[in-house]
> 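Structure incoming, see below.
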Amino acid sequence: MATIFLTPSPAPSHPFRPREPCSRLSSVIKCCEKTTETISNSNNGKPSFREKSLQMQQDQTILLPPRPRRIILVRHGHSEGNLDESAYTRTPDPKIALTDKGKAEAEACGRRIKEMIEKDSDDWKVYFYVSPYRRTIETLQQLGRAFERKRISGMLKEPRLREQDFGNFQDREKMRVEKAMRMLYGRFFYRFPNGESAADVYDRITGFRETLRAAIDNGRFQPPGDRNQNMNVVIVSHGLTLRVFLMRWYKWTVEQFEGLNNLGNGEMIVMEKGYGGRYSLLVHHTEEELREFGLTNEMLIDQEWQKLAKPGEINYDCPLLNSIFTHFDDEHCES
């Protein structure tokens with residue numbers, strides 16, 4: 001296992017190095033359908049959903065598309081803006097390019113992704129989503145050098161994956177003041193003048209997440225009739241955008257989001273299918289790696305549950321309940 005190095009957001013300089021993937025279970029995973037659910041009591045006294053049970057019975061005869069094996073999140077390589085923040089005063093943010101260092105980082109990331117996924121089988125493929133900004137497009141171009149054409153199932157430029165908007169041309173000194181104010185106000189809710197807050201990014205990422213889930217359920221990543229169990233989705237985006245994506249996917253709180261560290265340039269974090277079919281960070285990464293990324297004990301407990309649970313299941317033992325409803329402790333003492 002390699003050692004990872006993380007730096008506090010917003011200006012990371014050390015890479016996040018994932019370890020070698022652990023053993024995995026490959027199976028046909030059935031996705032849940034969205035239905036209007038009527039709650040009834042089961043024999044064991046726990047709530048059950050009649051419509052969902054009927055759907056599961058139907059799914060036994062209808063073979064649904066297999067879910068992608070992994071969702072791999074990649075931050076763009078070192079850019080002109082990382083090298084010199086004054087670049088934002090003369091170049092529009094969407095037109096900031098990679099440095100030579102960033103191109104090398106992206107190419108190395110592509111090789112690491114290929115090495116990770118080609119160990120599973122001979123029929124693996126990748127599908128790319130990418131932010132339309134220049135530095136992310138150039139990252140994908142360099143990253144993609146590791147893959148033959150037959151391995152690439154498709155690619156989509158997705159505007160909702162763009163960087164947090166800090167305004168148009170940025171005044172360097174004013175931006176330093178604004179970023180200091182953000183730390184005082186709160187990293188999630190502070191909105192930059194003429195720009196966005198992380199909460200605004202959360203709203204558009206919510207829309208992208210629903211698009212991605214629909215694509216997963218519909219088997220969009222491969223031609224009709226193909227049932228490749230080893231499809232991998234790669235999302236090339238920006239540091240804050242990727243952290244917000246994880247926050248939205250796993251329903252992390254604002255406080256948990258604000259405790260996360262940024263990925264290094266050209267580095268990745270891997271969501272991989274667990275034994276039940278849900279995506280967990282603990283399948284590929286170790287507990288130590290995720291703690292360095294900023295996950296708390298509660299978040300790690302949930303990731304362990306994600307590794308074993310099936311799509312559609314709900315974690316009724318969510319630790320967040322105990323942090324909100326503090327009177328549970330009193331009830332325990334009285335009993």
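What you are looking at is a predicted structure, and each value in this text was computed from that prediction instead of being measured.
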> For the pair F208 and F245, name the ring-plane relationship: parallel under 30°, tilted 30 to 60°, perpendicular over 60°.
tilted
> Looking at R135 and D93, is there a salt bridge between them, counting it only when a charged N and a carboxylate O are closer than 4.0 Å?
yes
> When rounded to the nearest 0.5 angstrom, what distance separates CZ in R209 from CE in M247?
12.5 Å
> I'd like to know if I152 and M268 are part of one continuous hydrophobic network [Ile/Leu/Val/Met/Phe/Trp/Tyr, side-chain heavy atoms within less than 4.5 Å].
yes
> Which atom pair, heavy atoms only, marks the closest approach of P65 to G219?
CB-CA, 3.6 Å
> Just verifying a value: how many Å separate S131 OG and I235 CD1, rounded to the nearest 0.5 Å?
11.5 Å
> Are a donor atom and an acceptor atom from the side chains of N82 and S79 found within less than 3.5 Å of each other?
yes
> For the residue pair F147 and V126, establish whether any side-chain heavy-atom pair is separated by less than 4.5 Å.
yes
> Distance check, rounded to the nearest 0.5 Å: R176 atom CZ versus Q170 atom CD?
12.5 Å
> Is E138 salt-bridged to R134, cutoff N-O under 4.0 Å?
yes
> Does a side chain donor of either T136 or H76 reach within less than 3.5 Å of an acceptor in the other side chain?
no
> State which residues pass ring pair (Phe, Tyr, Trp, His ring centres under 6.0 Å) with Y190; sequence neighbours excluded, sorted by chain then number.
Y185, F192
> For Y88, what residues pass the ring pair (Phe, Tyr, Trp, His ring centres under 6.0 Å) criterion, not counting sequence neighbours?
none
> Check step by step if side chain to side chain contact (heavy atoms under 4.5 Å, CB included) holds for R278 and K273.
CA-CA 5 Å; R278 295 178 73 105; K273 280 194 306 187; over 6 Å; no
> Apply side chain to side chain contact (heavy atoms under 4.5 Å, CB included) to residues V130 and M155 and explain how you reach the verdict.
CA-CA 8 Å; V130 61; M155 184 275 291; 3.9 Å; yes
> Are M175 and I96 connected into the same hydrophobic cluster when the rule is that any two of I, L, V, M, F, W, Y join if their side-chain heavy atoms are below 4.5 Å apart?
no
> Could you report the tightest heavy-atom contact between M299 and L260, atom names first, then the distance?
CE-CD2, 4.1 Å
> Can you hop from F257 to L161 via hydrophobic side chains spaced under 4.5 Å?
yes
> Salt bridge between E267 and R112, side-chain N to carboxylate O under 4.0 Å?
yes
> Check whether W124 forms a cation-pi arrangement with R69 (NZ or CZ under 6.0 Å from the six-membered ring centre, at most 45° off the ring normal).
no
> Could you give me the CA-CA distance, side-chain angles and deciding distance for V236 and Y129, then say whether side chain to side chain contact (heavy atoms under 4.5 Å, CB included) is met?
CA-CA 6 Å; V236 182; Y129 285 97; over 6 Å; no
> Examine the side chains of R220 and Y127 and answer whether a donor and an acceptor come within less than 3.5 Å of each other.
yes
> According to a 4.5 Å side-chain heavy-atom criterion applied to Ile, Leu, Val, Met, Phe, Trp and Tyr, with indirect links allowed, do L98 and V234 form part of one hydrophobic cluster?
no
> Which distance, rounded to the nearest 0.5 Å, do you find between the CZ of R243 and the CD of E258?
10.5 Å
> Indicate yes or no: does E196 engage R162 in a salt bridge with an N to O separation below 4.0 Å.
yes
> Taking all non-hydrogen atoms of both residues into account, name the closest pair between D171 and K174 and its distance.
OD1-N, 2.8 Å
> For side chain to side chain contact (heavy atoms under 4.5 Å, CB included), just list the numbers for T139 and K103, CA-CA rounded to whole Å, side-chain angles, deciding distance to a tenth of an Å, and then say yes or no.
CA-CA 6 Å; T139 297; K103 292 177 181 179; over 6 Å; no
> Hydrophobic cluster membership, with links at side-chain heavy-atom distances under 4.5 Å among I/L/V/M/F/W/Y: are L242 and Y202 in one?
yes
> I want to check something: taking the side chain as every heavy atom from C-beta on, are N230 and I117 in contact at a cut-off of under 4.5 Å?
no
> Taking only residues two or more places apart in sequence, or in another chain, which ones meet Y133 in a ring pair (Phe, Tyr, Trp, His ring centres under 6.0 Å)?
H238
> Between C109 and V74, is any pair of side-chain heavy atoms under 4.5 Å apart?
yes
> What verdict does the salt bridge (charged side-chain N to carboxylate O under 4.0 Å, His left out) test give for R291 and E287, after you've listed the backbone C-alpha separation in whole Å, the side-chain angles of each residue and the deciding distance to 0.1 Å?
CA-CA 6 Å; R291 285 189 185 280; E287 177 181 327; 3.0 Å; yes
> Consider side-chain contact (heavy atoms from CB on, under 4.5 Å). Of V254, L240, V201, which one does F188 pass it with?
V254
> Side chains of Q164 and T241: closer than 4.5 Å at any heavy-atom pair?
no
> So which heavy atom on M116 is nearest to which on D120, and how close?
O-OD2, 4.2 Å
> Could you tell me whether K310 sits above the aromatic face of Y275, with NZ or CZ closer than 6.0 angstrom to the six-membered ring centre and within 45 degrees of the axis?
no
> Salt bridge check, D165 against R204: does any charged N sit closer than 4.0 Å to a carboxylate O?
no
> From N168 CG over to T89 OG1, what is the distance, rounded to the nearest 0.5 angstrom?
13.0 Å
> Which atoms form the tightest heavy-atom contact between H78 and N265, and what is the distance?
N-CB, 3.5 Å
> So, taking the atom named CD in E304 and the one named CD1 in I301, what distance separates them when rounded to the nearest 0.5 Å?
9.5 Å
